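Computation of the quantities below employed the complete heavy-atom set of this structure, encompassing side-chain atoms and omitting hydrogens, waters and symmetry-equivalent molecules. Atoms within a ligand are numbered from 1 in the order they appear, just like the ligands themselves. The chain is numbered in sequence order, starting from 1. Given the structure is predicted, the values throughout are model-derived calculations rather than measurements.
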Amino acid sequence: MFERSINLKDSSLSTLHDESRQGEALMVEGEGQYSGRKLYIESYGCAMNFSDSEIVASIMKGLGYETTTQYKEADVVFINTCSIRENAEQRVRNRLREFGAAKSKRPGMTIGVLGCMAERLKSKFLEEEKLVDMVIGPDSYRDLPNLIAKTDEGDRAVNVLLSREETYADISPVRLNSNGISAFVSIMRGCDNMCSFCVVPFTRGRERSRDPLSIVQEVRELFNNGYREVTLLGQNVDSYQWKGTANASETELSEPLNFSGLLERVARINPLLRVRFSTSHPKDITDEVLYTMNKYENICNHIHLPVQSGSSRVLELMNRTYTREWYIERLDTIKKLIPDCAVSTDIIIGFCSESEEEHQDTLSLMDYAQFDFAYMYTYSERPGTLAAKRFEDDIPEEVKTRRFNEILKKQQECSYDRLKQHVGKTHLVLIDGFSKKSGKDYSGKSEHNITVVFPVHEAFKPGDYVNIKIANCTPATLIGKIDY
Ligand code: SAH
Ligand code: SF4
Ligand code: F3S
């Protein structure tokens, strides 16, 4: 099974994926009532979860907690969890065993489970995992002061209420493990789509959009603090919709605003700020968004457009509400309006009743689409989802694995081919640090979200833009030199 494990310092974390990522908090000192207590927080899952951990760190900082990177010395250990696939949950349970061992040596330690697994399992978690003291769903982080007080009194605490309004708009995130250049900015929460395989609508609740003023303010502040790239986050960014409030004191809040409008506002903050967004649903991405991308150079030419399957019948079972033909039309329009646009995707392999022919349909769609990058997953049945209720998870594991390997091979070849097409071109690269392999090289990203490595030049530092002439490539990286 294809899984990436990415260091949080890697700025490629621009999509809503990857339950394998794991993070630790930077040192942050708080001044509240619990001054001197230490918090350790570790995150799994998508970028949204990592972004939520920054909200949690901010609330805990307000209570006086300082963060530590050593869970063994923490007073509170939080694990922000993901439920998207069975193995994501398994990883969390294994980690909880390790935290439990530390707690047995340090009885005062409080262990809290946050995020999607907390929401999915609710108080059952306390029954299943005896060492867990707190279970907190993604919409309940404001309740942390009460929950901490409860556990201080020796009680176990649960809050898994989902909200129709919560966006944490007024909470200024504490940037954890940031490179100081790229940041995630959450613009909406929840999901109203009911893809039959997906647990997110159950763990994250209904869709709601954050007020545009607070988004613009947060991004402006990031820019003033030296950040040069933001990724606007939502499970389905294209359905961002600020409805406008009748009694708003600020005019910006009284008017309705859609995603295209928000993108434009963020892009106008400063031309030196790169803007990305994730994730787009193929049924919702509008031509208006594509025109806005074209209008502003600083909106990166990269769209993450999860297809899931190349078969219209499977897509229907998945309740994706588009067909193979619809997806191809969206791709064609993207390539027509933005010829230089990179497109990445997600693919689920071995969904209920997927035939050999339908698997071939996915492979042929990949041939057509020429995705620059893809996240590929074998189907994992999630309890409570529509698919779990309606369909049998009937593709044998060995067939799923074989199909997965065929899809993986095709994508690896395609990604390499796509990279080779950049050789000889010059790309504007935002430097995000030194290359992992050599302190003599800088590493950065092209607007297509491709890593570009080139020799360090003293005139440039991380956070600067530089034109790089691409000379070569490996299967995952472009290699070049500064183009004067
Ligand atoms: N909102 C995003 C998806 C978030 S989940 C979107 O609609 O694109 C990220 C990816 O995980 C999905 O795109 C899908 O490919 C994969 N995924 C979700 N549920 C899954 C499951 N039950 N089994 C395997 N993969 C799954
Ligand atoms: Fe899940 Fe579908 Fe919503 Fe994405 S759009 S989070 S796959 S239900
Ligand atoms: Fe994200 Fe995993 Fe939840 S992908 S929304 S953390 S189930």
Problem - Contact atoms of ligand 1, heavy-atom distance to Arg382 under 4.0 Å - result: 22 (N)
Exercise for the section: Assess the pair Phe197 and Tyr379: is the distance between their ring centroids shorter than 6.0 Å? Expected result: no
Exercise for the section: Before accepting this row, confirm whether a basic side-chain N of the pair Glu397/Lys400 lies closer than 4.0 Å to the acidic partner's carboxylate O. Expected result: yes
Practice task
Spell out, as yes or no, whether a donor-acceptor pair under 3.5 Å connects the side chain of Tyr375 to the backbone of Ser344.
Solution key: no
Practice task
Report, in ascending order of atom number, the atoms of ligand 1 lying under 4.0 Å from any heavy atom of Ile348.
Solution key: 14 (C), 15 (O), 17 (N), 25 (N), 26 (C)
Handout entry: Interfacing atoms of ligand 3 (cut-off 4.0 Å, heavy-atom, Ser83)
Key = 2 (Fe), 7 (S)
Fill in the blank from the handout: For Arg320, the ligand 1 atoms with a heavy-atom partner under 4.0 Å come out as 7 (O)
Fill in the blank from the handout: The number of protein N, O or S atoms lying under 2.8 Å from atom 3 (Fe) of ligand 2 is 1
Exercise for the section: Examine ligand 3 and decide if any of its atoms is less than 4.0 Å from a heavy atom belonging to Met117. Expected result: no
Handout entry: Which of the ligand 1 atoms, numbered from 1, are nearer than 4.0 Å to a heavy atom of Gln308
Key = 12 (C), 13 (O), 14 (C), 15 (O)
Exercise for the section: Ignoring angles and geometry beyond distance, decide whether Arg85 reaches within less than 3.5 Å of ligand 1 through its nitrogen or oxygen atoms. Expected result: yes
Practice task
For Cys116, take its heavy atoms, then give the atoms of ligand 3 lying under 4.0 Å from any of them.
Solution key: 3 (Fe), 5 (S), 6 (S), 7 (S)
Fill in the blank from the handout: For Pro306, the atoms of ligand 1 under 4.0 Å from one of its heavy atoms are 8 (O)
Handout entry: Side-chain donor or acceptor of Ser196 paired with backbone N/O of Leu317 under 3.5 Å
Key = yes
Handout entry: N or O contact, Thr279 vs ligand 1, cut-off under 3.5 Å
Key = no
Exercise for the section: Determine, using heavy atoms of Met48 and all atoms of ligand 3, whether some pair is separated by less than 4.0 Å. Expected result: no
Exercise for the section: Mark yes or no for whether Asp139, through its side chain, and Ser163, through its backbone, hold a donor-acceptor pair below 3.5 Å. Expected result: yes
Fill in the blank from the handout: ligand 1 to Gln235, heavy atom cutoff 4.0 Å, flagged ligand atoms 1 (N), 2 (C), 4 (C)
Practice task
May I ask whether Gly115 has any heavy atom positioned less than 4.0 angstrom from an atom of ligand 3?
Solution key: no
Handout entry: ligand 1-proximal atoms of Phe197, by part, heavy-atom distance under 4.0 Å
Key = both
